[in-house]
Q: 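This is the structure I have questions about; it appears just below.
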Amino acid sequence: MKKYEQDGVLTLDDLVLPSDKQLEKGVAFIECVQEIPCNPCVDACPFGAISMKDINAPPIVDYDKCTACGQCVGICPGLAIFVIKVVDDKVLITLPYEFYPVPEVGDSVQALDRKGETVGVAVVRKIRKKNKTMIITIESSKNLAMEIRNIRVKK
Ligand code: SF4
Ligand code: SF4
C-alpha cells in the first residue's frame, strides 16, 4: 500500500514533475492519482493538454502543450489542480480556494503545504471565481513552488 493511501498526503514521489524550464513557462500541476471515474479536467482544457487512458485513469498533463491558462483549476471537484509559474526567485501559484474568509488582492496570507502546515508566507496577486470556487493566484518564494498547496487567511 502506498503511503498516501494510509495518511492521505501525496508526496512529490507520487507525481510526475515538470522540468525547471516547464515551470518557468508555467504549467498545470495535477495532484490526482486515484483511479476514479472523473474527467471534467480533460474537457476543460482548450489546448488538449490533459488526457487519460480511460475514464478511471488519473489525468496526465502534457507540460509542453499546457499554456498555464488556468481554465482547469476551478473545474476539479477534488481541488487537485494548481498552476505553477516560476519567475526569477519567486513563484506564482494559482490554486482553488473554498474557505472563508476570502482574501483580497495584496493581502499577506499563510502558505500551507499538503498537510495543512504553514511553510511560509505568500501575497495574493489575483482572484477570480469559477462557479462557487475562488481561483486565487499567490506569489511566494521559488523554493516553495512544489510545497504550497493552500493558504490560510487571517482577518
Ligand atoms: S492550465 Fe490551461 S492549458 Fe494547462 S492544462 Fe489547464 S486548461 Fe489546459
Ligand atoms: S477533475 Fe480533478 S478529480 Fe477529476 S480526474 Fe481531473 S484532476 Fe482528478
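Both ligands and their constituent atoms are indexed starting at 1 by order of listing. All values derive from a computational prediction rather than experimental measurement.
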Q: Keeping Asp7 on the side-chain end and Val9 on the backbone end, is there a donor-acceptor pair under 3.5 Å?
A: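 A pair under 3.5 Å: yes.
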Q: Quick check for you: within a radius under 2.8 Å, how many protein N, O or S atoms neighbour atom 4 (Fe) of ligand 1?
A: 1
Q: Might you confirm whether atom CG of Asp20 has over 12 heavy atoms from other residues, nucleotides or ligands at distances under 6.0 Å?
A: no
Q: Out of curiosity, is Met52 lining ligand 2, as in a heavy atom under 4.0 Å away?
A: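 Yes, that is the case, since the closest heavy atom of the residue is under 4.0 Å from the ligand.
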Q: Could you give the distance from CG (Leu92) to OG (Ser140), rounded to the nearest 0.5 Å?
A: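 It is 10.0 Å, given to the nearest 0.5 Å.
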Q: List ligand 1 atoms under 4.0 Å from Pro46, heavy atoms only on the residue side.
A: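 Matching atoms, with element in brackets: 7 (S).
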Q: Would you mind checking if Lys132 and Glu98 are paired as a salt bridge, meaning a charged N to carboxylate O distance below 4.0 Å?
A: no
Q: What's the spacing between Ile93 CD1 and Asn150 CG if we round to 0.5 Å?
A: 11.0 Å
Q: Pair Thr118, Arg152 - check side-chain contact (heavy atoms from CB on, under 4.5 Å), show working.
A: CA-CA 8 Å; Thr118 303; Arg152 181 178 293 125; 3.5 Å; yes
Q: Starting from atom 3 (S) of ligand 2, find the nearest protein heavy-atom neighbour and note its residue, name and distance.
A: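 Answer, as residue, atom name and distance: Cys76 SG, 3.6 Å.
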Q: When rounded to the nearest 0.5 angstrom, what distance separates CD1 in Ile138 from NZ in Lys126?
A: 14.5 Å
Q: Taking atom OG1 of Thr133 and atom CG of Leu95, what is their separation to the nearest 0.5 Å?
A: 11.5 Å
Q: Just jot down the ligand 2 atoms closer than 4.0 angstrom to any heavy atom of Ile30, in number order.
A: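 Counting atoms of ligand 2 from 1, those under 4.0 Å from Ile30 are 7 (S).
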Q: With the threshold set at under 4.0 angstrom, would you say Cys41 reaches ligand 1 through any of its heavy atoms?
A: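 Cys41: no contact with ligand 1 (<4.0 Å).
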Q: Roughly how far, to the nearest 0.5 Å, is the CZ atom of Arg149 from the CG atom of Leu144?
A: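 Answer rounded to 0.5 Å: 10.0 Å.
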Q: For the CD atom of Glu5 and the CG atom of Asp14, what is their distance to the nearest 0.5 Å?
A: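 Spacing of CD (Glu5) from CG (Asp14) equals 9.0 Å.
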Q: Show the atoms of ligand 2 that are less than 4.0 angstrom away from any heavy atom in Cys32.
A: 3 (S), 5 (S), 7 (S), 8 (Fe)
Q: Pro77 heavy atoms, cut-off 4.0 Å: which ligand 2 atoms fall inside?
A: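 With Pro77 as reference, the close atoms of ligand 2 come out as 1 (S).
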Q: Out of Ala80, Cys38, Pro40, whose heavy atom is nearest to atom 5 (S) of ligand 2?
A: Cys38
